[in-house]
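Just below is one structure, and these are the notes that go with it.
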Amino acid sequence: MAAPHSVMKFWKPGAEAPGVCEERELNTEPSSTAVIYNPHSALSVEKQRQKLPVFKHRNNILYMVESFQTVVILGETGSGKSTQVPQYLLEAGWAAEGKVIGVTQPRRVAATSVCIAVYIDVAARVAEERGAFLGHEVGYTIRFDDCSDPHATRIKFLTDGMLVREMMADPLLKKYSVLMLDEAHERTLYTDIAIGLLKKIQRKRRDLRVIVASATLDAKKFHDFFNLNESGDPSKDTCGILSVEGRTFPVDVFYTVSPVPDYVKATVETVLKIHEAEEDGDVLAFLTGQEEVEKVVSMLQDQARSLSRHGMKKHLRVLPMYAGLPYSEQLKVFERLPPTVRKVVVATNIAETSITINGIVFVIDCAFVKLRCYNPLTAIESLVVTPISKASASQRAGRGGRNRPGKCFRLYTEEDFEKLPESTVPEMQRSNLAPVILQLKALGIDNVLRFSFLSPPPAQTMVQALELLFALGGLDQYGRLTEPVGVRMAEFPLSPMFAKMLLESGNFGCSKEIITIAAMMQIQNVFVVPSNQKKAAAREHRKFAVAEGDHLTMLNVYEAFVKHQKSSQWCQEHFLNYKGLLRAMTVREQLRRLLNKFKVPRTSSEGDPDVILRCIVSGFFANAARLHHSGSYRTLRDDRELHIHPNSVLYGEKPQKWYFLVVFNEVVQTSRYYMRDVTAVESSWLVELAPHFYKQATMERING
DNA sequence: TCGTAAAGT
């Protein structure tokens with residue numbers, strides 16, 4: 001039998017060709033023990049800290065923070081910068097006189113885990129004198145979890161989104177002496193907002209220090225952005241760059257000899273080739289979505305069974321990994337396996353930044369990723385399979401060098417690698433900006449079009465956002481934030497349409513129900529569909545379905561959940577996402593408090609659906625579509641073709657008079673333009689509730 | 001007629 005994988009041919013470029021880590025010296029220590037204090041080590045905490053690569057740069061870092069307003073630290077994986085730099089600053093007195101050293105992370109888990117690592121260091125050192133408690137000297141603040149003390153905390157970790165929130169209460173961030181933005185190269189929406197705002201704050205607060213911590217890529221861009229020196233004399237620069245080597249192992253990069261027609265098949269073949277020809281070590285393969293992941297997993301599992309039948313000694317354990325996977329399934333990729341088993345993790349981009357799996361030696365990279373992008377002309381978001389950037393490719397390859405030297409198999413030619421863009425387009429340039437613009441206005445940025453963006457978004461996207469905010473009553477005709485509607489809308493941790501709907505709910509007499517609906521709409525995958533029980537799941541889910549649409553269906557699910565004592569078993573029986581529903585409860589509580597603060601009366605519709613639907617229209621009137629005789633829908637605003645998303649309870653319903661007009665939360669483009677979270681409404685409500693938006697003539701055309 | 005990456009307030 002010919003080996004099915006014999007078609008995959010790879011080659012390794014010569015030393016002069018760009019590879020990953022080729023030129024790096026080989027290190028013999030794993031980075032994982034280096035970053036977190038190991039209480040079992042014979043070495044003291046001090047000794048362990050001194051062994052980190054960043055330690056050599058301690059004095060230079062402190063010198064630069066003294067001399068420059070902004071310092072860009074280029075630190076590679078495993079340098080120890082995230083845990084050590086905040087401690088160096090603390091030791092050098094930057095937290096004196098009640099000041100705080102703030103460190104932001106793009107993710108909640110990172111904010112807490114880095115915080116705990118630093119806490120362990122600090123606690124181990126000060127324990128003898130006064131002890132240390134998490135949330136005192138060292139603390140963190142993330143949504144729903146504030147583990148910090150306004151008086152005692154000297155080093156505070158927080159998500160970048162949280163920092164932007166804090167600016168609403170303290171626009172000059174007066175309590176901070178230094179802010180370090182970690183993982184800035186990821187260029188998340190909130191990192192970019194924070195960067196723009198910090199530059200503005202620095203003009204008013206010369207004493208505020210900013211440290212931008214990034215992987216090697218965008219150093220110059222950050223430097224030029226923050227450097228306020230216009231004299232041309234480098235000695236007057238206000239921003240300095242410093243680079244810190246990392247501690248990872250070399251990864252050999254291989255390319256295919258010719259282009260790969262089908263990367264799903266090629267992934268399977270490459271895994272088998274590694275299993276057959278390479279030494280021990282686990283495998284990580286990158287694909288773009290759940291469907292591809294599951295397909296590769298099932299193909300490999302078939303192969304693995306046949307291999308064991310043919311007497312292959314070493315076994316394959318194939319595991320999927322993506323965000324939508326149930327938590328218990330996700331945990332399996334972290335399990336340690338006996339040496340007779342090779343672990344193969346087939347993952348989406350979640351494994352590029354959000355999780356790190358120990359023991360990975362071989363990486364397979366298909367060169368693609370699914371990215372959200374926003375079309376400023378149509379105001380429609382879509383998820384598009386896009387070629388990755390070179391930065392992404394090197395990040396993926398690096399996943400194979402965490403514990404020992406690794407190998408990365410790229411399912412594309414070196415020539416195609418050269419054609420990839422240097423870095424991924426920042427989120428700021430591919431997002432709907434309505435929430436961003438609202439936040440900036442609330443932070444006193446009057447002219448958002450002239451705001452200092454690190455990467456300016458398309459002007460048309462900003463215009464779209466301004467128009468929507470005006471239609472919602474959050475901005476006046478001069479683009480100023482309205483009082484109180486606009487100011488209050490900005491306080492909600494939700495998109496402006498949801499905020500408007502919530503603020504109106506008191507007037508409609510259904511705030512209790514609307515809070516639930518808004519909270520439920522924030523969680524993904526309320527309905528769980530296990531691949532082997534699709535029919536049973538659908539049967540259970542249908543029990544919650546309501547003819548009006550998804551919003552009232554979600555209300556139904558939540559109320560049933562509460563009625564059944566929030567039981568996890570009940571959720572399991574009805575194929576509902578238990579953790580998601582718990583989260584909806586937490587979100588609901590936060591929203592309820594905000595409505596209390598704004599004195600929105602607590603009212604219930606007492607079973608009348610119409611008031612709830614009208615209230616939804618008051619926020620989502622701009623997202624309306626009418627039934628077209630073709631059977632699809634058309635947007636009211638610009639007559640674009642839309643379809644009901646297959647996950648909607650209205651999907652597949654026979655179009656009746658009742659479904660003539662619908663509103664929806666969002667449109668996503670995949671194979672078609674799909675409306676998600678859809679509810680049927682009366683056309684007369686649109687004219688009544690949004691007369692400024694829908695002129696009478698438009699309505700006549702619709703009805704005619 | 002088929003379908004949401006992953007992260008956050």
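Being a predicted model, the structure only gives us computed values, none of them experimental. Here is the naming used below: chain letters follow the sequence lines, and residue numbers restart at 1 for every chain.
- The A:S354 side chain lies nearest to B:dA7 when the options are B:dT9, B:dA5, B:dA7.
- Counting only N and O atoms by type, the side chains of A:T188 and A:D160 include a donor and acceptor under 3.5 Å apart.
- For A:E666 and B:dA5, the CD to P distance is 13 Å, given to the nearest whole Å.
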>> The test is side chain to side chain donor-acceptor pair (under 3.5 Å); show your working for A:Q522 and A:R583 and say whether it passes.
In response: CA-CA 9 Å; A:Q522 308 310 311; A:R583 184 175 164 79; over 6 Å; no

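- Ranking B:dA5, B:dT9, B:dC2 by closeness to the A:I142 side chain, first place goes to B:dT9.
- In this entry the distance linking CG of A:L325 with P of B:dA7 reads 12 Å, nearest Å.
- Distances shorter than 4.0 Å separate some side-chain N or O of A:T159 from OP1 or OP2 on B:dT9.
- In the set B:dA5, B:dT9, B:dA7, the nucleotide with an atom closest to the side chain of A:R583 is B:dT9.
- A:E292 and A:Y322 form no side-chain donor-acceptor contact under 3.5 Å, judged by distance and modelled atom types alone.
- Distances from the side chain of A:Y190 to the nucleotides B:dC2, B:dT9, B:dA5 place B:dT9 closest.
- Phosphate proximity of B:dA6 to A:T348: present, with a side-chain N or O under 4.0 Å from OP1 or OP2.
- Rounded to a whole Å, the CE atom of A:M521 is 21 Å from the P atom of B:dT9.
- A donor-acceptor pair shorter than 3.5 Å cannot be found between the side chains of A:S648 and A:R676.
- Distances shorter than 4.0 Å separate none of the side-chain N or O atoms of A:R372 from OP1 or OP2 on B:dA7.
- The CD-C1' distance, from A:E352 to B:dA5, rounds to 11 Å in whole Å.
- If you measure from atom CZ of A:R107 to atom P of B:dA5, you get 18 Å, rounded to the nearest angstrom.
- Between the CD atom of A:E183 and the C1' atom of B:dG8 there is a distance of 15 Å, rounded to whole Å.
- Rounded to whole angstrom, the span from the CD atom of A:Q330 across to the P atom of B:dA5 amounts to 13 Å.
- Atom CD1 in A:I523 sits roughly 16 Å away from atom P in B:dG8 (whole-Å rounding).
- Note: A:S354 OG to A:R107 CZ = 4.5 Å, rounded to the nearest 0.5 Å.
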